[in-house]
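Notes for the one structure printed next.
Every chain is numbered from 1 and lettered A, B, ... according to where its sequence line falls, protein lines coming before strand lines.
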Number of protein chains: 2
Amino acid sequence: MTPAKRTTSADVARVAGVSRTTVSYVLNNRPGEVIPEDTRRRVLEAAERLAYRPRASARTLAGGRSDIVVLSIPDLPIGPSISRFVEELATSLAKHGLTLFTHLMSAHGRPLADVCATVEAAAVLGFGSFEPETVAALQRLGVAMVEPVDADYNASMGPIGRLQAEHLIERGHRRLGYALPAEPGFRQMAEGRLRGAAAACAAAGLPAPVALIADPEAADAEQAVSQWRELSVTGVCAFNDEVAFAVLAGLRQAGLGAPQDMAVIGADDIPTARFATPPLSTVSIDLAEAGRHRAEQVVTGLAGERVDLSSALVKVALVHRATS
Amino acid sequence: MTPAKRTTSADVARVAGVSRTTVSYVLNNRPGEVIPEDTRRRVLEAAERLAYRPRASARTLAGGRSDIVVLSIPDLPIGPSISRFVEELATSLAKHGLTLFTHLMSAHGRPLADVCATVEAAAVLGFGSFEPETVAALQRLGVAMVEPVDADYNASMGPIGRLQAEHLIERGHRRLGYALPAEPGFRQMAEGRLRGAAAACAAAGLPAPVALIADPEAADAEQAVSQWRELSVTGVCAFNDEVAFAVLAGLRQAGLGAPQDMAVIGADDIPTARFATPPLSTVSIDLAEAGRHRAEQVVTGLAGERVDLSSALVKVALVHRATS
DNA sequence: GCGCGTCACTGGCGCGTGTCAGTATCTAAC
DNA sequence: GTTAGATACTGACACGCGCCAGTGACGCGC
């Protein structure tokens with residue numbers, strides 16, 4: 001059935017006329033080992049010709065650590081900005097021979113620590129923070145690098161809220177609202193963004209925004225709108241574009257419109273924001289750069305160096321359209 | 001640094017007072033091997049107490065095949081319905097001890113076959129069909145199960161288009177349009193849906209829909225709208241909700257509206273569809289069930305049995321709102 | 001001639017698991 | 001008393017790779 005056994009490094013060694021060790025040295029170009037150009041070429045050619053791919057399992061077993069990086073994704077809808085981030089992260093890690101493995105927390109086959117134990121993960125990443133016991137468990141497993149907080153991502157939360165609020169303040173709004181989703185998975189992110197908005201208000205000498213829930217999956221937006229109007233809120237920052245659309249729908253149900261009755265600004269700049277009626281003002285977030293940066297951090301971290309997690313490289317930009 | 005070496009099956013054997021082989025037999029409850037209840041309990045208890053987790057790398061190396069299932073995702077934005085599918089698939093596979101590994105094709109670290117070779121994938125799944133050479137390469141690697149066509153998913157494409165077209169026909173439209181995205185990653189899916197719509201038209205004795213591109217990321221929608229109007233198209237099926245929003249925007253730019261000037265129906269029922277202005281008619285797709293079914297197929301396929309790929313278990317339903 | 005150092009390799013161990021062939025003990029049949 | 005078969009295990013090898021320790025060849029200084 002499987003007549004052609006898979007090629008191993010021994011096959012390469014035989015073809016190249018060297019020992020298996022030499023093959024290993026060449027292929028992993030081991031630092032400190034000097035291999036004459038001629039031998040190196042022979043090995044490389046043989047490997048190429050036989051289409052040799054080292055078996056990850058064997059490599060892991062021997063080395064004690066795999067080249068798998070696990071990214072734990074919380075139970076939330078994966079928007080385009082997140083998937084862009086993941087994509088970029090995976091690509092950049094792949095360039096360093098690391099393979100990204102996204103583990104959906106909602107896919108509750110086994111707890112995170114178990115999955116990492118079986119695959120012998122080299123590093124574990126996640127959005128938000130892990131619980132201390134999870135971190136402890138992972139470290140006990142010998143995972144080289146646990147990143148409890150996605151620093152880049154979380155650091156980007158503040159500026160988003162700030163940008164939203166500053167925009168509305170600049171346009172003359174003196175009393176702001178903040179629209180939150182109901183989804184618990186979003187809570188951490190939402191708090192970050194809200195804090196940013198509150199900071200902008202404080203800097204302008206204004207009271208903190210009135211935070212209310214306006215979930216896209218429910219119909220509580222109209223109620224939120226009427227509460228805001230009672231408190232003479234004239235501008236609302238929404239957690240993201242979908243929440244913004246919910247607010248907009250709430251306004252419409254009350255016979256009102258944006259921006260004349262209430263200004264609304266979203267976040268994420270999802271594709272539909274541009275073509276909505278009216279086109280939604282929002283904040284665009286470039287996570288691609290963050291993904292690359294993140295990968296860099298993992299690589300240096302795995303090399304044993306201490307990494308600086310403070311730098312936030314997420315580019316956010318205001319996109320002014322018709323609802324503000 | 002790492003004082004507590006990780007527990008191995010030898011540790012369990014020692015604690016339980018049996019041989020390593022017996023531990024293996026108990027833990028994998030090997031069929032055909034009879035283990036007295038008492039011994040079994042001792043082993044299980046020891047394993048529990050030591051928190052023993054077998055190392056996947058060693059298991060794979062010894063067994064020649066891992067418990068990793070690779071799902072290749074094409075270069076397209078991962079919508080909520082797809083991510084729901086993936087989620088459900090991962091959960092169901094996990095119940096059978098299989099781990100899902102989603103590989104983004106756009107994350108072009110290495111070609112699919114390479115990734116599968118290194119992780120020794122047990123099965124490879126994908127949306128759409130793989131190229132023949134990829135399939136051949138994978139089989140040469142000894143991958144037990146290659147599913148070139150995601151039967152469920154593809155089979156669901158037709159009904160979606162059909163449902164859209166039937167709905168519009170039922171409401172009196174005699175000449176239909178079909179709105180396509182520009183994104184090449186969507187092509188296969190789009191063709192499937194379009195075929196479904198065409199079939200519905202044919203069944204009603206109508207000409208095939210006029211297919212034009214109306215991409216959400218570009219501004220070609222207005223042009224498409226005017227072309228449709230020239231051909232006296234009165235109802236448009238959109239590939240998905242985002243494309244539908246693009247068409248709606250095109251209509252608006254031309255000073256027209258849905259449904260009075262042209263009926264529009266989307267697909268996927270994304271959250272924003274419900275709260276858009278006006279709320280978008282669409283087709284909802286339940287891929288959760290499909291995910292579970294899919295997992296089942298993989299498990300039986302891995303057990304060596306022949307699986308029937310023809311059955312499509314995707315539930316689609318019309319969601320009539322205001323744009324049609 | 002000897003010692004020393006460098007170069008270019010290689011032999012072989014160990015990683016943790018699955019599994020096959022084998023063994024020791026016991027019961028039952030002839 | 002011997003054989004046969006079942007029961008309840010165990011010893012040891014194989015899987016493919018990384019890498020340490022070692023080896024032989026060669027050059028060079030004294």
When you measure from the side chain of [X], which nucleotide among [options] comes out closest?
{"X": "A:Arg30", "options": "D:dG16, D:dC20, D:dC17", "answer": "D:dC20"}
{"X": "B:Thr8", "options": "C:dT17, D:dG18, D:dG16", "answer": "C:dT17"}
{"X": "A:Arg59", "options": "C:dT19, C:dC9, D:dC17", "answer": "D:dC17"}
{"X": "B:Leu61", "options": "C:dT10, C:dG16, D:dC9", "answer": "C:dG16"}
{"X": "A:Tyr52", "options": "C:dG11, C:dC9, D:dC17", "answer": "D:dC17"}
{"X": "B:Ala58", "options": "D:dC9, C:dT17, D:dC19", "answer": "C:dT17"}
{"X": "A:Val18", "options": "D:dC9, C:dT10, C:dC13", "answer": "C:dT10"}

#### Entry: Under-3.5 Å donor-acceptor pair between B:Thr21 side chain and C:dT19 base
yes
### Query
If you take atom types as modelled and just measure distance, does the side chain of A:Tyr25 reach the base of D:dC20 with a donor-acceptor pair under 3.5 Å?
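It does, because a donor-acceptor pair links the side chain of A:Tyr25 to the base of D:dC20 below 3.5 Å.
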Roughly how many Å is it from [atom1] in [X] to [atom2] in [N], rounded to a whole number?
{"X": "A:Glu120", "N": "D:dG18", "atom1": "CD", "atom2": "P", "result": "15 Å"}
{"X": "B:Arg55", "N": "C:dG18", "atom1": "CZ", "atom2": "P", "result": "11 Å"}
{"X": "B:Asp38", "N": "D:dC9", "atom1": "CG", "atom2": "C1'", "result": "14 Å"}
{"X": "A:Arg42", "N": "C:dT10", "atom1": "CZ", "atom2": "C1'", "result": "14 Å"}
{"X": "A:Asp11", "N": "D:dC15", "atom1": "CG", "atom2": "P", "result": "12 Å"}
{"X": "B:Leu27", "N": "C:dG16", "atom1": "CG", "atom2": "P", "result": "16 Å"}
{"X": "B:Arg20", "N": "C:dC15", "atom1": "CZ", "atom2": "P", "result": "12 Å"}
{"X": "A:Arg14", "N": "D:dG16", "atom1": "CZ", "atom2": "C1'", "result": "13 Å"}

### Close side-chain approach of B:Val316 and B:Asp286, heavy atoms under 4.5 Å
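No; the side chains remain at least 4.5 Å from each other.
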### Heavy-atom check, side chain of A:Arg30 versus side chain of A:Ile35, under 4.5 Å
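The answer is no, as the side chains (C-beta and beyond) never meet within the 4.5 Å cut-off.
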Are any of [X]'s side-chain N or O atoms less than 4.0 Å away from OP1 or OP2 of [N]?
{"X": "A:Ser9", "N": "D:dG16", "result": "no"}
{"X": "A:Thr22", "N": "C:dC9", "result": "no"}
{"X": "B:Thr39", "N": "D:dC9", "result": "yes"}

### Message
Name the residue from A:Thr21, A:Leu27, A:Val26 that meets the side chain to side chain contact (heavy atoms under 4.5 Å, CB included) definition with A:Val23.
### Response
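For A:Val23, the side chain to side chain contact (heavy atoms under 4.5 Å, CB included) check succeeds only for A:Leu27.
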### Task
Would you name the heavy atoms of B:Ser66 and B:Ala121 that are closest together and state the gap between them?
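That would be OG-CA, 3.9 Å.
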### Query
How would you label the contact of B:Ser24 with the nucleic acid (heavy atoms, under 4.0 Å): base, sugar-phosphate, or nothing?
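Here B:Ser24 touches the bases of the nucleic acid.
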### Task
Give one of base, sugar-phosphate or nothing for B:Thr60, where a contact means two heavy atoms less than 4.0 Å apart.
nothing
### Message
Whether B:Glu37 and B:Arg41 form a salt bridge (side-chain N of Lys/Arg under 4.0 Å from carboxylate O of Asp/Glu) is what I want to check.
### Response
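B:Glu37 and B:Arg41: not salt-bridged.
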